[in-house]
Amino acid sequence: MDSKFTKPKGFGEILDHTFNLCKKHFKEFFLILLILMGPVYLIQAILQLMSGTSFFRQVGTGSDWFEQMLSSFEESGTFESSSISADIGVIVIAIVSFLLFPVAEAAVLFAVNHIRNNEEFSSGLVIKEAFSRFWPMLGSSLLFGLITFGIILIPVAIIAGAGFGVSAIGHPIVGILTGVLLFFAFALVIGLLITRWSFYFASVILDRQSPGLSRSWRLTKKRTWPLFGLYIVFYLIISSISFAVQASLGLSLGNSVLLSIISNLITIITTMFFTVGYAVMYLDLKTRHDADDLKEMIEDYYLK
């Protein structure tokens, strides 16, 4: 087993290990994701071209260059056409993405696990392993989605009711402040709960435990805040990269097909980074959990 995976890691060590893995195995990870995510983005580009979007530079209406670029994002035919074919295209892409993208992430998880065990692997091997867990992965993801929807919907209803209730009795400012405070409080609670359950996916893939929610809850015990912080850091890094690409290239290319292709390639890279980080976080949790179990066994032995 790779020695870097054998000891518990701190906040910075997880980030450092993630960057090192992405750098060292960039070609393998990128190829895995490209094989499964690339066809979806290719279909998207073809539909954009069919809808009339320019490949190199999409320019809209306006009196100057800046207005033309801004209007290109509003006027572009990219999936905004009301035609039946465009609507069908959106639906097809959404369905295919929903089915294939989790498989791509699962394949990366298998690849990281092979690296952890010092095992050779190929893109075809890990993709095959990922498809072998397709149905448990799909069922568990749907269950997690329903739970997430429920824990978001209930607080939204409470916030709306409290805000309108206070406003109705003649205190609109107090109602707004109450709604804002409740929003941040519930957002924090929801974020922590989702963090506790979020490692169900890796549990289903690597440990073959479905739906994996209870195992994720056990593994994240006493580690919720650091994991929540890592999710925020990953989100900020990914958002910054995506925004930088969109903002810089969008000024010259407009909402063109070429910009869409470049953005999708960046999405593949950021997906790789997040998925590898997620795998490192999960394997670190396993290391800590296994160490705790070993300590309990030793303590029980001496107590006897």
Side-chain angles (χ1 to χ4, degrees), residues 11-23 26 29-30 32-34 36-38 40-41 44-45 48 58 66 69-70 72-74 76 78-79 93-94 97-98 100-102 104-106 108-109 112 141 144-145 148-149 151-152 155-156 180 183-199 201-202 220 224-282 284:
F11 192 99
E13 291 175 313
I14 289 177
L15 289 173
D16 182 63
H17 196 190
T18 300
F19 280 113
N20 287 334
L21 285 173
C22 290
K23 180 180 179 181
F26 179 86
F29 295 147
F30 185 81
I32 292 168
L33 294 174
L34 184 64
L36 291 167
M37 299 174 68
V40 178
Y41 293 144
Q44 178 183 340
Q48 284 182 277
Q58 180 72 17
F66 186 70
M69 285 301 164
L70 287 180
S72 71
F73 289 91
E74 299 176 358
S76 175
T78 308
F79 307 133
I93 289 177
S97 300
F98 176 76
L100 285 185
F101 286 11
E105 294 168 356
V108 173
L109 288 180
V112 174
S141 296
F144 178 75
T148 302
F149 178 77
I151 63 175
I152 292 176
V156 167
V180 171
F183 171 80
F184 283 109
F186 278 123
L188 180 60
V189 173
I190 291 171
L192 293 174
L193 285 174
I194 291 177
T195 299
R196 291 295 303 270
W197 282 315
S198 64
F199 292 92
F201 187 79
T220 53
T224 309
W225 284 102
L227 294 171
F228 183 60
L230 282 166
Y231 275 136
I232 293 176
V233 171
F234 281 126
Y235 172 78
L236 291 175
I237 293 173
I238 291 170
S239 299
S240 299
I241 294 173
S242 300
F243 175 78
V245 172
Q246 288 278 356
S248 59
L249 296 181
L251 292 176
S252 57
L253 300 178
N255 197 20
S256 63
V257 177
L258 181 58
L259 176 64
S260 178
I261 292 173
I262 295 173
S263 298
N264 289 333
L265 289 175
I266 296 300
T267 298
I268 292 177
I269 294 174
T270 54
T271 300
M272 175 188 69
F273 173 69
F274 174 79
T275 307
V276 172
Y278 175 81
V280 172
M281 290 161 67
Y282 180 74
D284 179 68

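Side chain of Asp16 to backbone of Gly12: no donor-acceptor contact under 3.5 angstrom is found.
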Side-chain donor-acceptor pairs under 3.5 Å in residues 232-245, sequence neighbours left out?
residue, atom, partner, partner atom, Å
Ser239, OG, Tyr235, O, 2.8
Ser240, OG, Leu236, O, 2.7
Ser242, OG, Ile238, O, 3.0

Output a table of donor-acceptor pairs, distance under 3.5 Å, between side-chain atoms of residues 271-278 and any protein atom two or more places apart or on a different chain; print 'none' if there are none.
residue, atom, partner, partner atom, Å
Thr271, OG1, Thr267, O, 2.7
Thr275, OG1, Thr271, O, 2.7
Tyr278, OH, Ser198, O, 2.8
Tyr278, OH, Ala202, N, 3.2

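Atom OG1 of residue Thr18 and atom CD of residue Glu13 lie 11.5 Å apart, to the nearest 0.5 angstrom. Atom CG of Leu193 sits about 9.5 Å away from atom CG of Leu188, to the nearest 0.5 Å. Taking CE from Met281 and CG from Leu230, the interatomic distance works out to 5.0 Å, rounded to the nearest 0.5 Å.
Taking Ala104 as the reference, Leu33, Leu36, Met37 meet the side-chain contact (heavy atoms from CB on, under 4.5 Å) condition, with sequence neighbours excluded. Applying the side-chain contact (heavy atoms from CB on, under 4.5 Å) rule to Pro226 yields the partners Arg223; only residues at least two apart in sequence or on another chain are considered. Every residue meeting the side-chain contact (heavy atoms from CB on, under 4.5 Å) condition with Phe183, not counting sequence neighbours, appears here in chain and number order: Ile159. In terms of the side-chain contact (heavy atoms from CB on, under 4.5 Å) criterion, residue partners of Thr195 (sequence neighbours excluded) are, by chain and number, Thr224, Leu227, Phe228, Tyr231. Remark: Phe26 engages Phe30 in a ring-ring contact (aromatic ring centres under 6.0 Å, His included) (not counting sequence neighbours). Judged as a ring-ring contact (aromatic ring centres under 6.0 Å, His included), and not counting sequence neighbours, Phe186 has no contacts.
Smallest separation of non-hydrogen atoms from Val280 and His17: CG1-ND1, 4.0 Å. The heavy-atom pair separating Pro102 from Ser97 by the smallest distance is CD-O, 3.7 Å.
Side chains of Ile194 and Phe144 form a contact here, defined as non-hydrogen atoms less than 4.5 Å apart. Looking only at side-chain heavy atoms (C-beta outward), Arg196 and Leu192 stay at 4.5 Å or farther from each other.
Just one of Leu259, Leu265, Ile266 meets the side chain to side chain contact (heavy atoms under 4.5 Å, CB included) condition when paired with Ser263; it is Leu259.
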**Study point:** side chain to side chain contact (heavy atoms under 4.5 Å, CB included) evaluation trace for Val180 with Phe184
**Key:** CA-CA 6 Å; Val180 171; Phe184 283 109; 3.5 Å; yes
Check your understanding: What do the steps show when you test Ile261 against Tyr41 for side chain to side chain contact (heavy atoms under 4.5 Å, CB included), and what is the final call?
Key -> CA-CA 7 Å; Ile261 292 173; Tyr41 293 144; over 6 Å; no
